[in-house]
Participant: 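Below is the structure I would like to discuss, written out as structure tokens.
Residues take their numbers from the sequence shown, with the count starting at 1. Small disclaimer: the values here were computed from a predicted structure and weren't measured. We count ligands from 1, going down the list as the structure has it; atoms in each ligand are counted the same way.
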Amino acid sequence: MKAAVLNQIPGHLEIEEVSIGSPGPREVLVKTVAAGLCHSDLHFMEGTYTTDVPAVLGHESAGIVEAVGSMVSYVEPGDHVITCLAAFCGHCEDCLGGHPARCQRKGADLVRGPGEPSRLTRGDEDLGQFLHCSSFAEQLLVHEHALVKIRKDMPLEKAALIGCGVTTGLGAVFRTARVDPGSDVVVIGCGGIGLSAIQGARIAGANKIIAVDMNSPKLELAQSLGATHVINASDTDPVKAVREMTDGGARFTFEAIGLKQTAEQAFQMLRVGGQATVIGLIPLGTNVEVHGVELVNEKILTGSNMGSTQFRTDMPRYVDMYIDGRLKLDEMISGTIRLEDINEGFAAMKTGTVARQIITF
Ligand SMILES: NC(=O)c1ccc[n+]([C@@H]2O[C@H](COP(=O)([O-])OP(=O)(O)OC[C@H]3O[C@@H](n4cnc5c(N)ncnc54)[C@H](O)[C@@H]3O)[C@@H](O)[C@H]2O)c1
Ligand SMILES: [Zn+2]
Ligand SMILES: [Zn+2]
């Protein structure tokens, strides 16, 4: 099958012919229908984060089950599924405590053992499986705990967005921060993640929803998805502007870029007792600083991993929200591209001008 392989870090993706195994007892083989480009893939290509290479990248996808292992009863061939990197072991303290996205056992329990053949290979060489998915490929072979079954009337190219970006943004609002109706919300960064957080704030009934970005068309898109106010950070100090708009600071802020500066801005924008949630992946080794005295004002700085998702529950709900019109996904897709155009897609992402780009297979 064709797949986009990262051979070195930093590096571009190369479209290559690779092999995929057949399902082990708890594994599922999926025909990939669509895969989204997320900035997290780009962080690994650029080397702000690292992974074992060579590896097939991609982690936001939806498809149709082709075959299942002998112990799998949750799905069967023909089922429609969304994959998710927040795979869960199902028996650790975090999973059983209601926080499967925190599961630390997935690296041990959900991958193949050292003596077993790799799920993905190129000739005699093993290929890494990126974030339990490797979505930039015509097929996926994943542990059954890395996917969720969805209704068949959900278009799969829209469903793919829910595999990472949408769930992360909505979950950061619903599950990590638990935004309550009537509170003021700021979202810094209007890519796929930030636009989803804006939609989450709208669905949660927030009062002011202030979108911050440096790209005007992105701010217009943010308004169409629920932002009530916008700030262009290329010509306006966003901290000062938010303080003025909210009478001293917002109750909830979300950073959806992955920069030290914007994470610090998210904290500086808070009112007394407010909470800043950093969703963006800040480069490894970078510290984020706050004024110590502000902590006495009971301000909280935290992060969100995949929107603290319980994805087997959350994703089917988000599918329902799309079908009934509350969650807008068509508007978030800037373009549909071919696997062969993936590097151009990431180059466009770097400019900050696109929302989500989807590869269809
Ligand atoms: N925590 C998680 O589980 C998780 C999950 C998915 C993605 N992420 C991370 O979330 C971040 C956002 O991902 P994305 O795919 O939406 O990215 P993206 O590149 O599509 O969007 C980023 C947006 O930020 C804007 N921007 C850049 N610099 C800015 C600045 N200084 N001020 C204001 N706006 C600025 C850009 O114009 C762009 O609209 C990335 O760091 C990604 O790795 C985290
Ligand atoms: Zn992602
Ligand atoms: Zn677990």
Participant: Of the non-hydrogen atoms in Thr360 and Glu157, which two are nearest, and what is the gap between them?
Facilitator: CG2-CB, 4.3 Å

Participant: I need the minimum non-hydrogen distance between Phe346 and Leu37, along with the two atoms involved.
Facilitator: CZ-CG, 3.7 Å

Participant: Please report whether ligand 1 has a polar contact with Thr262, defined as an N or O pair separated by less than 3.5 Å (distance criterion only).
Facilitator: no

Participant: Below 4.0 angstrom, N of the basic side chain to O of the carboxylate: do Glu27 and Arg112 qualify?
Facilitator: yes

Participant: Could you list the atoms of ligand 1 found under 4.0 angstrom from a heavy atom of Asn305?
Facilitator: 3 (O)

Participant: Are any of the N/O atoms on Thr168, whether in the backbone or the side chain, positioned under 3.5 angstrom from an N/O atom of ligand 1?
Facilitator: no

Participant: Looking only at protein heavy atoms, identify the closest one to atom 31 (N) of ligand 1 and say how far it is in Å.
Facilitator: Met214 SD, 3.4 Å

Participant: Side chains of Tyr74 and Asp79: do they bring a donor and an acceptor to under 3.5 Å?
Facilitator: no

Participant: Among protein heavy atoms, which lies nearest atom 19 (O) of ligand 1, and at what distance?
Facilitator: His39 ND1, 2.6 Å

Participant: Angle at the Zn ion (ligand 2), NE2 of His59 to SG of Cys164, rounded to 10 degrees, please.
Facilitator: 110°

Participant: Whether Lys31 engages the ring of Phe361 as a cation-pi pair (distance to the six-membered ring centre under 6.0 angstrom, angle to the ring normal within 45°) should be assessed.
Facilitator: no

Participant: Could you point out which residue of Thr167, Thr168, Asp314, Thr176 forms a side chain to side chain donor-acceptor pair (under 3.5 Å) with Ser308?
Facilitator: Thr176

Participant: I need the SG(Cys95)-the Zn ion (ligand 3)-SG(Cys89) angle, rounded to 10 degrees.
Facilitator: 110°

Participant: Could you tell me the angle subtended at the Zn ion (ligand 3) by SG of Cys92 and SG of Cys103, rounded to 10°?
Facilitator: 120°

Participant: Side chain or backbone of Cys190 under 4.0 Å from ligand 1, or both, or neither, by non-hydrogen atoms?
Facilitator: backbone

Participant: Using a 4.0 Å cutoff against the non-hydrogen atoms of Ser40, which atoms of ligand 1 qualify?
Facilitator: 6 (C), 7 (C), 8 (N), 9 (C), 42 (C), 43 (O)

Participant: Are Arg338 and Asp341 ion-paired here, with the side-chain N under 4.0 Å from a carboxylate O?
Facilitator: yes

Participant: Report yes or no: is the cationic atom of Arg105 (NZ for Lys, CZ for Arg) under 6.0 Å from the centre of the six-membered ring of Phe88, at an angle within 45° of the ring normal?
Facilitator: no

Participant: For Asp126, is there an ion pair with Arg119 - N to carboxylate O distance below 4.0 angstrom?
Facilitator: no

Participant: Can you label the angle between the His43 ring and the His39 ring as parallel, tilted or perpendicular, going by 30° and 60°?
Facilitator: tilted

Participant: At less than 4.0 angstrom from any non-hydrogen atom of Gly189, what atoms of ligand 1 do you find?
Facilitator: 24 (O)

Participant: Could you state the interatomic distance from OH (Tyr318) to CG (Leu161), rounded to the nearest 0.5 Å?
Facilitator: 14.0 Å

Participant: Mind checking whether Gln261 has an N or O less than 3.5 Å away from an N or O of ligand 1?
Facilitator: no

Participant: Test your reading of the structure: does Cys164 have an N or O sitting under 3.5 Å from an N or O of ligand 1?
Facilitator: no

Participant: At under 4.0 Å between heavy atoms, which part of Ile193 makes contact with ligand 1: side chain, backbone, both or neither?
Facilitator: both

Participant: Quick one: look up the protein heavy atom nearest atom 37 (O) of ligand 1 and list residue, atom name and how far away it is.
Facilitator: Asp213 OD1, 2.6 Å

Participant: Please check if the side chain of Glu16 supplies one atom and the backbone of Ala3 the other of a donor-acceptor pair under 3.5 Å.
Facilitator: no

Participant: Give a yes/no on ligand 1: does Arg356 have at least one heavy atom closer than 4.0 angstrom to it?
Facilitator: yes

Participant: Ile257 versus ligand 1: do any nitrogen or oxygen atoms come within less than 3.5 Å of each other?
Facilitator: yes

Participant: State whether the shortest distance between N or O atoms of Gly307 and N or O atoms of ligand 1 falls below 3.5 angstrom.
Facilitator: no

Participant: Does Gly165 come within less than 4.0 angstrom of ligand 1, counting non-hydrogen atoms of the residue?
Facilitator: no

Participant: Determine yes or no for a side-chain-to-main-chain donor-acceptor pair under 3.5 angstrom, with Glu60 supplying the side chain and Gly165 the backbone.
Facilitator: yes

Participant: Using a 3.5 Å cut-off on N or O atoms only, is Ala256 in polar contact with ligand 1?
Facilitator: no

Participant: Does an N or O anywhere in Ile188 fall below 3.5 Å from an N or O of ligand 1?
Facilitator: no

Participant: With heavy atoms only and a cut-off of under 4.0 Å, state how Lys218 meets ligand 1: side chain, backbone, both or neither.
Facilitator: side chain

Participant: Please report which non-hydrogen protein atom sits nearest to atom 20 (O) of ligand 1, along with the residue it belongs to and the distance in Å to one decimal place.
Facilitator: Gly191 CA, 3.5 Å

